Novice: 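My questions all concern the structure below.
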Amino acid sequence: GAVVSQHPSWVICKSGTSVKIECRSLDFQATTMFWYRQFPKQSLMLMATSNEGSKATYEQGVEKDKFLINHASLTLSTLTVTSAHPEDSSFYICSSPGLAGGNEQFFGPGTRLTVL
Amino acid sequence: DAKTTQPPSMDCAEGRAANLPCNHSTISGNEYVYWYRQIHSQGPQYIIHGLKNNETNEMASLIITEDRKSSTLILPHATLRDTAVYYCIVRANYGQNFVFGPGTRLSVLP
């Protein structure tokens, strides 16, 4: 199946700094990328949907100015957490539908963000 | 909101079959049933999916009732490495995101 990678796998940062998380499709072109976050002992919650070459669409309650998403190429989408605070500490996961017409969705391994 | 309901947790003895139920009573005719699992601190892993026929692959079997209102994921010989949270998701169109419920936390016991 298609492979999605994320970098970094974990990051620790100070409050007020910005952190960029990369999501790459390694063997297919991802026109769409979904970004989820997962707080401890909770399920995955969709944050936003990014489409290559256009603005991302954000779910209700997710601040678009805080969580900047860029999908400038068919193999790379980035999520930047700006002015991070401890409450942004979470597990961030990206996924892509993969090949057109396929039914699977391919998830990255996740990035654990800890904001001190 | 998720369109499925699952028991919050289950235990299974190592080597035995694990049967994980899922209710999706409001499923539409064009919606597939997907199963994913998430091992601690990893991204979700695809297991299997189906529309109305039973499906089997190297990981598991999926049994869907005739009215499609419920399904069961079967891990035929559970191992300790199968301990994970299992998510049952229904989704129609290619390209839509998945809506995750709380899933079932399966503990495989030695």
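The shown structure was predicted, so the numbers you read here are calculated from the model rather than taken from an experiment. Chain A is the first sequence line, chain B the second, and so forth, proteins listed ahead of strands; every chain is numbered from 1.
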Novice: Decide if atom CZ of B/Arg68 counts as having more than 12 heavy atoms of other residues, nucleotides or ligands within a radius under 6.0 Å.
Specialist: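 For B/Arg68, atom CZ is crowded (more than 12 foreign heavy atoms under 6.0 Å).
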Novice: Between A/Gln38 and chain B, with a heavy-atom cut-off of 4.5 Å, which part of the residue counts as in contact: side chain, backbone, both or neither?
Specialist: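 Side chain only.
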Novice: Find the distance between CZ (B/Phe100) and CD1 (A/Ile93) and round it off to the nearest 0.5 Å.
Specialist: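 Rounded to the nearest 0.5 Å, the CZ-CD1 separation comes to 7.5 Å.
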Novice: Do A/Val19 and A/Phe67 share a hydrophobic cluster (ILVMFWY, side-chain heavy atoms under 4.5 Å, transitive)?
Specialist: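 In one cluster: yes.
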Novice: Using non-hydrogen atoms and a limit below 4.5 Å, what part of residues 69-81 of chain A faces chain B?
Specialist: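 Near chain B, by residue number: none.
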Novice: Once you round to the nearest 0.5 Å, how far does NE2 of B/His49 lie from CD of A/Gln105?
Specialist: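 If I round to the nearest 0.5 Å, the distance is 12.5 Å.
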Novice: Starting at CG of B/Asn97, measure out to CE of A/Met45 and round the result to the nearest 0.5 Å.
Specialist: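 Rounded to the nearest 0.5 Å, the CG-CE separation comes to 10.5 Å.
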Novice: Kindly check if the number of other-residue, nucleotide or ligand heavy atoms within 6.0 Å of NZ (A/Lys20) is above 12?
Specialist: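 No, because the 6.0 Å sphere around NZ of A/Lys20 holds 12 heavy atoms or fewer from other groups.
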Novice: Same hydrophobic cluster for B/Val99 and B/Val90, using side-chain heavy-atom links shorter than 4.5 Å among ILVMFWY?
Specialist: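 No, no single cluster joins them.
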Novice: Considering only heavy atoms, which portion of B/Gln45 lies under 4.5 Å from any heavy atom of chain A: side chain, backbone, both, or neither?
Specialist: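 For B/Gln45, neither part sits under 4.5 Å from chain A.
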Novice: Please state whether the rings of A/Phe107 and B/Phe98 are parallel, tilted or perpendicular, taking 30° and 60° as the class boundaries.
Specialist: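 The arrangement is tilted - the two ring planes meet at 30° to 60°.
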Novice: Does B/Tyr46 belong to the same Ile/Leu/Val/Met/Phe/Trp/Tyr cluster as A/Met33, with side-chain heavy atoms less than 4.5 Å apart forming each link?
Specialist: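 B/Tyr46 does not cluster with A/Met33.
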Novice: Select one option (side chain, backbone, both, neither) describing which atoms of A/Leu46 are under 4.5 Å from chain B's heavy atoms.
Specialist: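 The side chain, not the backbone.
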Novice: Can you name the nearest heavy-atom pair linking A/Ser43 to B/Pro102, along with the distance?
Specialist: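 Nearest pair, atom of A/Ser43 first, then B/Pro102: CB-CA, 4.2 Å.
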Novice: Transitively linked via ILVMFWY side-chain contacts under 4.5 Å: B/Ile47 with B/Leu80?
Specialist: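 Yes; tracing contacts between hydrophobic side chains, which count when under 4.5 Å, links both residues.
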Novice: Side-chain heavy atoms nearer than 4.5 Å, only ILVMFWY residues, links allowed to pass through others: does that put A/Tyr58 and A/Trp35 together?
Specialist: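 Result: yes, single cluster for both.
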